[in-house]
Chemist: 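Here it is, the structure in full.
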Amino acid sequence: MYRYDVVDQTLVNERVAQYRDQLRRFLAGELPEDEFRPLRLQNGLYIQKHAPMLRVAIPYGLLSAHQLRMLASIARRYDRGYGHFTTRQNIQYNWPRLEDTADILADLASVEMHAIQTSGNCVRNISSDEFAGVAPDEIVDPRPLAEILRQWSTFHPEFAYLPRKFKIAVNGAAEDRAATAFHDIGLTVVRDANGDIGVQVLAGGGMGRTPVVGVVIREFLPWPHVLTYVEAILRVYNRYGRRDNLYKARIKILVKALGAATFAQQVDAEWASIKDGPGTLTREEFDRVSAWFTDPPYAVLDDDDAAHAERLREHAGFARWVGRSVRGHRIAGYRSVVLSLKKTGVAPGDATAGQMDHVADWAERFGFGEIRVSHEQNLILPDVPVRELYALWQEAKAVGLATPNIGLLTDVITCPGGDFCSLANAKSLPIAAAIQERFDDLDYLHDIGEINLNISGCMNSCGHHHVGHIGILGVDKDGDEWYQVSIGGADGSALGGGRSAIGKVIGPSFKADDMPDVVQQLIDAYVEWRHPGERFADTVHRLGVPPFKARVYGERRSASKHAAQTVAVGE
Amino acid sequence: MSRLIRNGQVTVDTWQLIRNVDAPVSPDGAVILPLASWVTDPVSRLQRLATGVWLAPDDDPAVLAPWLGALPLIAIDFPKFTDGRGYSSAFLLRNRLGFRGELRAVGDVLVDQIWYLARVGFNAFALRADQDVQAALAQLAVFSERYQGSTDQPVPAFRRRERQWPDGVRTAVAP
Ligand code: SF4
């Protein structure tokens with residue numbers, strides 16, 4: 001993976017010093033909160049319900065064992081012994097002391113990490129496919145471009161005070177595992193007919209209050225032009241994006257208002273004068289960065305391992321875990337392993353410092369010292385030999401990281417919600433917990449099959465509810481917490497049939513207590529109506545929303561009628 | 001008379017920023033007019049060779065193109081420091097339109113944005129009255145490197161030098 005050179009390290013160190021001085025001035029009362037806010041946000045620091053929250057960047061989801069140990073150490077030293085992995089490949093600490101934040105950033109800098117631009121109205125952490133470099137369906141490794149974009153966007157002087165936040169995702173595989181259609185810019189690295197590398201550019205996607213699927217504004221952009229073209233998009237957005245209304249300030253609103261074609265023309269006009277200028281990427285730089293993402297020293301292994309095969313036969317539990325958590329690999333004899341952070345009773349995406357240390361150890365013992373963070377909020381060991389899977393499973397099970405639910409109903413994506421977040425309309429963690437408890441039976445869970453259930457505590461959609469096959473959104477009704485349910489969303493990944501779609505709300509919202517029943521009704525209907533082997537998302541796609549809606553609200557009407565009759569009889 | 005940083009030095013400002021053209025103006029001394037009055041009032045513009053113009057965040061700097069060679073000063077107003085449009089206006093003036101005169105940030109101009117302002121092409125900063133001038137000067141050198149090109153350094157880091165790794169080894173080859 002990429003290692004900092006003098007330039008990278010110097011910039012991060014100087015940033016820590018700059019922030020330390022800003023924090024000092026704020027604590028001394030020399031810098032008003034209004035003026036400190038954008039500065040601290042661009043260093044990852046929110047002021048939350050209970051305490052500050054620090055969001056640390058894990059660029060394109062890639063971590064070394066050494067870095068993960070530092071994240072664990074920060075959790076112990078400055079927080080309450082755990083951290084929360086987010087849907088944008090960041091980690092959040094919920095309980096640091098404001099006074100400690102400069103020291104935390106200094107600790108991060110010591111392992112080539114930072115919290116730069118993880119918040120604020122600027123270009124955020126670049127996200128990517130968590131299986132980059134190891135996935136069998138990869139067309140071009142997206143990591144070099146993601147790193148080049150990370151550097152380009154870091155401290156970009158012109159784009160630090162945009163109308164609103166700006167998110168870029170890069171994908172390079174046949175399957176879109178980076179939700180590129182739901183980013184301000186979604187880049188798909190592809191090869192043209194001549195085998196030359198370029199990107200397809202989507203713009204104007206996003207979730208939030210107005211969810212939009214991004215549109216293609218350039219079908220094939222040769223790689224040397226990526227930075228200047230992205231600069232042109234940002235300049236058009238910075239100048240013409242709306243600033244009068246927070247809810248209309250994202251680039252998607254501008255793209256919609258202008259229409260994709262006009263927007264693309266404006267970008268082209270802007271691009272014309274910087275194209276081929278000094279911002280054009282050089283082969284030398286592309287190679288320099290790519291050199292950090294070459295293969296580790298893989299051993300020559302047989303893809304079949306007799307002992308492994310036997311264990312699969314002997315241990316139903318192991319076989320079940322392998323079926324859910326173990327993914328194919330480009331290299332024979334290796335697999336990628338998803339460690340579930342979705343154990344029932346634990347907030348989705350949370351990991352303790354102890355667990356992080358274990359994962360770091362496994363990354364070194366069973367792999368090449370690398371860990372990935374997925375937007376589904378799980379951790380991944382990318383390079384595990386087949387013959388080590390059993391040993392890894394036993395150890396992971398012992399520390400609660402081997403729940404065999406990856407891709408299943410209880411692998412819930414959830415934002416921190418009302419328990420932590422000051423923007424929340426409603427809690428999301430207890431809803432996730434209640435649903436996980438309801439569907440705790442593993443046989444049943446496996447029978448239901450692959451499905452994304454996503455929960456957000458408010459319209460900001462950090463829990464990606466719009467693209468959940470079942471999406472749950474916390475809403476506020478006269479000060480009470482209610483939940484709106486949508487179905488039919490899809491984030492572009494294979495589980496949702498490769499579609500990128502925004503879920504449709506099925507009807508009036510529900511109380512927290514009703515949520516497990518509502519999900520149960522949707523699942524029951526699906527199980528009844530599915531064709532053999534058909535996933536939930538595909539059944540919804542085939543039948544549409546109305547039958548599911550009728551099922552949920554019809555049953556509720558007859559249930560309440562039934563209750564009314566019972567009461568009448570009782571009287 | 002407010003304090004001004006120009007070309008890295010603290011100086012006394014001799015320009016008068018005219019926000020309201022209807023208010024009485026002292027007839028002598030250089031003034032900076034709002035774009036609308038500057039464009040529509042060619043007489044005063046010609047009379048006062050030393051007239052400057054200031055742009056609001058949504059003013060298009062391209063309308064100044066015909067006069068850029070003669071204009072001594074353009075100011076860009078930041079009604080609120082979080083409104084970042086002025087950064088792009090400055091970039092365009094310097095790079096697209098080739099403006100070489102004084103480019104001044106006015107309005108809500110604060111110490112902590114100086115680095116970015118300087119990078120996109122401002123060479124003068126009319127700091128908000130409560131700001132610490134020495135702190136602002138220090139911010140002009142807060143970073144020693146720049147990843148991406150902008151006005152102050154159009155060539156991005158990756159083109160400027162062979163990037164070195166901490167052990168001094170040049171690595172275009174995998175470690
Ligand atoms: S979706 Fe809303 S409640 Fe959840 S973390 Fe984001 S802002 Fe907070």
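Every chain is numbered from 1 and lettered A, B, ... according to where its sequence line falls, protein lines coming before strand lines.
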Chemist: Side chain, backbone, both or neither: which part of A:F293 has a non-hydrogen atom closer than 4.5 Å to chain B?
Modeler: neither
Chemist: Non-hydrogen atoms of chain B under 4.5 Å away: do they reach the side chain of A:E158, the backbone, both or neither?
Modeler: both
Chemist: Tell me, for A:T280 versus chain B, whether the close heavy atoms (under 4.5 Å) come from the side chain, the backbone, both or neither.
Modeler: both
Chemist: Under 4.5 Å heavy-atom distance to chain A, tell me which part of B:Q153 shows up: side chain, backbone, both or neither.
Modeler: neither
Chemist: Can you tell which of A:L31, A:T10, A:D21, A:L39 has the highest number of heavy-atom pairs within less than 4.5 Å of chain B?
Modeler: A:L39
Chemist: Nearest 0.5 angstrom please: A:F155 CZ to B:S150 OG, how far?
Modeler: 15.0 Å
Chemist: For residues 237-251 of chain A, give me every residue with a non-hydrogen atom less than 4.5 Å from any non-hydrogen atom of chain B.
Modeler: A:N238, A:R239, A:R243
Chemist: Would you find more than 12 non-hydrogen atoms of other residues, nucleotides or ligands less than 6.0 Å from B:Q9 atom CD?
Modeler: no
Chemist: More than 12 heavy atoms of other residues, nucleotides or ligands under 6.0 Å from CZ of B:R19: yes or no?
Modeler: yes
Chemist: Just to be sure I understand the criterion: a residue of residues 88-97 of chain B counts if one of its heavy atoms is under 4.5 Å from a heavy atom of chain A. Which ones qualify?
Modeler: B:S88, B:F91, B:L92, B:R96
Chemist: Would B:S144 and A:E14 count as a side chain to side chain donor-acceptor pair (under 3.5 Å) if you check the C-alpha gap in whole Å, the side-chain angles of each, and the deciding distance to 0.1 Å?
Modeler: CA-CA 8 Å; B:S144 55; A:E14 288 171 348; 2.6 Å; yes
Chemist: Donor-acceptor pair, distance only, cut-off 3.5 Å: does the side chain of B:R159 make one with the backbone of A:E285?
Modeler: no
Chemist: Only pairs of heavy atoms separated by less than 4.5 Å count here; which of A:Q9, A:E35, A:E231 has the most with chain B?
Modeler: A:E35
Chemist: Could you name each residue pair satisfying salt bridge (charged side-chain N to carboxylate O under 4.0 Å, His left out) that touches residues 129-139 of chain B, not counting sequence neighbours?
Modeler: B:R128-B:D130
Chemist: By a 4.5 Å heavy-atom criterion (distance strictly below it), what part of B:D152 contacts chain A: side chain, backbone, both, or neither?
Modeler: neither
Chemist: Which one wins on heavy-atom pair count under 4.5 Å against chain A: B:V142, B:L117, B:D112?
Modeler: B:D112
Chemist: Could you state the interatomic distance from CD (A:E284) to CZ (B:F158), rounded to the nearest 0.5 Å?
Modeler: 10.5 Å
Chemist: Do the non-hydrogen side-chain atoms of B:R146 and A:V7 ever get within less than 4.5 Å of each other?
Modeler: no
Chemist: Given that the side chain runs from C-beta out, which part of A:D34 has a heavy atom under 4.5 Å from chain B: side chain, backbone, both or neither?
Modeler: backbone
Chemist: Looking at CD of A:Q18 and CD of B:Q139, how far apart are the two atoms once the value is rounded to the nearest 0.5 Å?
Modeler: 5.0 Å
Chemist: If we define contacts as heavy-atom pairs under 4.5 Å, which of B:V111, B:V155, B:D60, B:D108 has the most with chain A?
Modeler: B:D60
Chemist: Checking the side chain of B:Q148 only, and the main-chain atoms of A:W152 only, is there a donor and an acceptor separated by less than 3.5 Å?
Modeler: yes
Chemist: Looking only at heavy atoms and a cut-off of under 4.5 Å, which of A:V289, A:L234, A:I148, A:T282 has the most pairs with chain B?
Modeler: A:T282
Chemist: Between B:Y116 and A:Y161, what is the ring plane arrangement, given parallel below 30°, perpendicular above 60°, and tilted in between?
Modeler: perpendicular
Chemist: For chain A, which residues of residues 73-86 of chain B have at least one non-hydrogen atom nearer than 4.5 Å to it?
Modeler: B:F81, B:T82, B:D83, B:G84, B:R85
Chemist: Please classify the contact between A:R37 and chain B as side chain, backbone, both or neither, with a heavy-atom cut-off of under 4.5 Å.
Modeler: neither
Chemist: With only heavy atoms counted, which part of A:R15 is less than 4.5 Å from chain B, the side chain, the backbone, both or neither?
Modeler: both
